[in-house]
Amino acid sequence: MITNGRHVMMKRRCGRWLGAMGLCAVLAAPALGAVLPDSERLGHAKDLIGDEQWQPAIRELKAAAADPAESSQDEVLFWLAHCQNQTRDAAAAVDTIQRLERGYPRSPWLKPARSLRIEIAQRLRRNDVLWFTAAPPPPPEAPPAPPAPPAPSAVRTPPPAAVSAVPPTPPVPPLPADPWMPERFMADTDLRIQALGSLMQTDAVRVIPMLRDIALTGHDADEARRALFMLAQSHRPEARATVVEMATSGPELVRVAAVRALGGLGGPAVSSELLRVYATANERVKYQVVLSLGQRDAVPALMHIAQSETDARLRDAAIVRLGEAGGRAELAQLYARQRASAADMKKPIIAGLFNARADDELIRLAQRETDPAVKAEILARLRLLGTPAARAYLAARPR
């Protein structure tokens, strides 16, 4: 019998194992929400998977798959396919995924299993499988209607011919189903994006417009974000230009997703591109630009926004992120330009210096500040910092 503590531990391990599988972690997340307690055999197999003992795990999972008392057969088949893939037995893994599709068409483990099949197809360079997932063929046309039966005739029908003694030709057996292709294709945007990401290296000219369309017509912001992330991973200039285009002129949710994708790109030109997006953006997109610039430690760009933005919320956000980006000298310059009565303008600068752990700058401000409330704010931040310089300054102050 499995205790609640052991069950919780297994679920946590399961999350870590899925995290090592890339996109499968995202696709399998719904399966983990309402998972039943594992059987003893399945729990043991997961422990073996956590230790990367693939062959013993395969033996345990095969035994579980053959056990009619096993209540989580679909999950067993998923983990079996995963282990078989880890041992590079692609044929067995694909066969197991097909068993899962046929036996459990509504299983929450079906989607991560199909994601695993895409990974295998990518490794084996089966671009036809990837294209089947990314752009499935249209459904076959309906067969034409049968011709109308002839009108009854007065002519007497001749008797049927005598039956030949030659035995009839046996029917040709059907070809085996393609193990790569599901018998019934179910369109899924997540899997399409994954397949298109794999095809980017070889078919970028076709892939980029398809990812762009998904970003524009997806059912939710997550789909747009994943499509734009795949575009941003490409080093092709047209892929990057597409992300910039979406950040500038797409619907609001798409623009936010594109700005996030841009923030993760390398190269000095990204900060300039984000500032160009900022110039024509609405408030929500501008705020995301500030966040992305902060993640990039883009001190000059953040300083530009802090000096030029008239919206207090956006300006203060840029100032705080400027501290996280390490702009100690820039924050000190901003503080020096504030009027003595501008307490509201000074507080975000103090917060930015605190984020930068700029104890020397904060001590200098505390020594010069005449507003009691602002000075108390600086002293509180120095106490929170607790650096040797901050403690020495606070200890030397008169009580």
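What you see is a predicted model; the values in this text were computed from it and never measured.
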Lys62, NZ: over 12 other non-hydrogen atoms inside 6.0 angstrom: no
CD1 on Ile350 to CG on Leu365, rounded to 0.5 Å: 7.0 Å
For Ala215 against Val254, the heavy-atom pair lying closest together: O-CG2, 3.1 Å
Approximate separation, where rounding is to 0.5 Å, of Leu211 CG and Leu216 CG: 11.0 Å
Residue pair Gln367, Tyr393: steps toward the side-chain hydrogen bond (donor to acceptor under 3.5 Å, both in side chains) verdict: CA-CA 10 Å; Gln367 291 169 337; Tyr393 170 74; 5.3 Å; no
Test log, rule salt bridge (Lys or Arg N to Asp or Glu O under 4.0 Å), inputs Arg321 and Glu324: CA-CA 5 Å; Arg321 296 287 170 170; Glu324 294 180 354; 3.1 Å; yes
Minimum-distance pair of heavy atoms, taken over all atoms of Gly43 and Asp38: N-CB, 3.9 Å
Arg328/Asp359 under side-chain contact (heavy atoms from CB on, under 4.5 Å): CA gap, chis, key distance, verdict: CA-CA 10 Å; Arg328 300 167 65 148; Asp359 51 2; 3.9 Å; yes
Beyond-backbone contact of Asp89 with Trp54, side-chain heavy atoms, under 4.5 angstrom: no
Chi angles and distances behind the salt bridge (Lys or Arg N to Asp or Glu O under 4.0 Å) call for Asp311, Arg313: CA-CA 6 Å; Asp311 183 285; Arg313 176 177 174 269; 5.8 Å; no
Side chain Ser249, main chain Met246, donor-acceptor under 3.5 Å: no
Side-chain donor or acceptor of Arg357 paired with backbone N/O of Phe354 under 3.5 Å: no
Nearest-0.5 Å distance that lies between atom OG in Ser292 and atom CG in Leu302: 10.5 Å
Ion pair check, Arg212 and Glu238, cut-off under 4.0 Å: no
Flag if over 12 foreign heavy atoms under 6.0 Å of CZ, Arg123: yes
Side chain proximity check, Lys111 to Asp188, heavy atoms < 4.5 angstrom: yes
Pairwise side-chain contact, Arg126 with Trp131, heavy-atom cut-off 4.5 Å (strictly under): no
Reported CD1-to-OG distance for the pair Ile193 and Ser115, which is rounded to 0.5 angstrom: 11.5 Å
Minimum side-chain heavy-atom gap Arg206-Leu196 below 4.5 Å: no
Val290, Leu293, Val289 screened by side-chain contact (heavy atoms from CB on, under 4.5 Å) with Val259, the one that passes: Val289
Evaluation steps, side-chain contact (heavy atoms from CB on, under 4.5 Å), between Arg192 and Met210: CA-CA 10 Å; Arg192 287 188 65 207; Met210 295 175 71; 3.7 Å; yes
Cluster link Val320 to Ile349, ILVMFWY, side chain under 4.5 Å: no
Tyr278 and Val285, any side-chain heavy atoms less than 4.5 Å apart: no
Closest contact, heavy atoms only, Leu228 versus Ala261: O-CB, 3.9 Å
Minimal non-hydrogen separation, Leu130 against Ala195, with atom names: O-CB, 3.5 Å
Residues Val76, Asp67; criterion side-chain contact (heavy atoms from CB on, under 4.5 Å); working and verdict: CA-CA 11 Å; Val76 167; Asp67 184 357; over 6 Å; no
Parallel, tilted or perpendicular: rings of Trp109 and Trp79 (30°, 60°): tilted
Stepwise side-chain contact (heavy atoms from CB on, under 4.5 Å) test for Arg114 and Thr133: CA-CA 10 Å; Arg114 286 173 170 165; Thr133 304; over 6 Å; no
Donor-acceptor contact below 3.5 Å, side chain Arg296 vs main chain Leu265: yes
Pair Glu377-Lys346, salt bridge (Lys or Arg N to Asp or Glu O under 4.0 Å): steps then yes or no: CA-CA 10 Å; Glu377 180 79 12; Lys346 291 178 177 179; over 6 Å; no
Polar side-chain atom of Arg315 near backbone of Thr310 as donor-acceptor pair, under 3.5 Å: no
Atom pair CG/CG of Leu274 and Leu291 - distance to nearest 0.5 Å: 11.0 Å
Co-membership, hydrophobic cluster, residues Leu382 and Leu384, 4.5 Å side-chain: yes
Inter-residue atom distance Met345.CE - Ile319.CD1, 0.5 Å rounding: 6.0 Å
Inter- and intrachain pairs under salt bridge (charged side-chain N to carboxylate O under 4.0 Å, His left out), touching residues 250-274, at least two apart: Arg240-Glu273, Glu252-Arg284
Heavy-atom pair of closest approach, residues Val270 and Leu262: CG1-O, 3.2 Å
Closest non-hydrogen atom pair between Pro105 and Leu110, with its separation: O-CD2, 3.5 Å
Validation row: Leu353, Ile378 side chains within 4.5 angstrom (heavy atoms): no
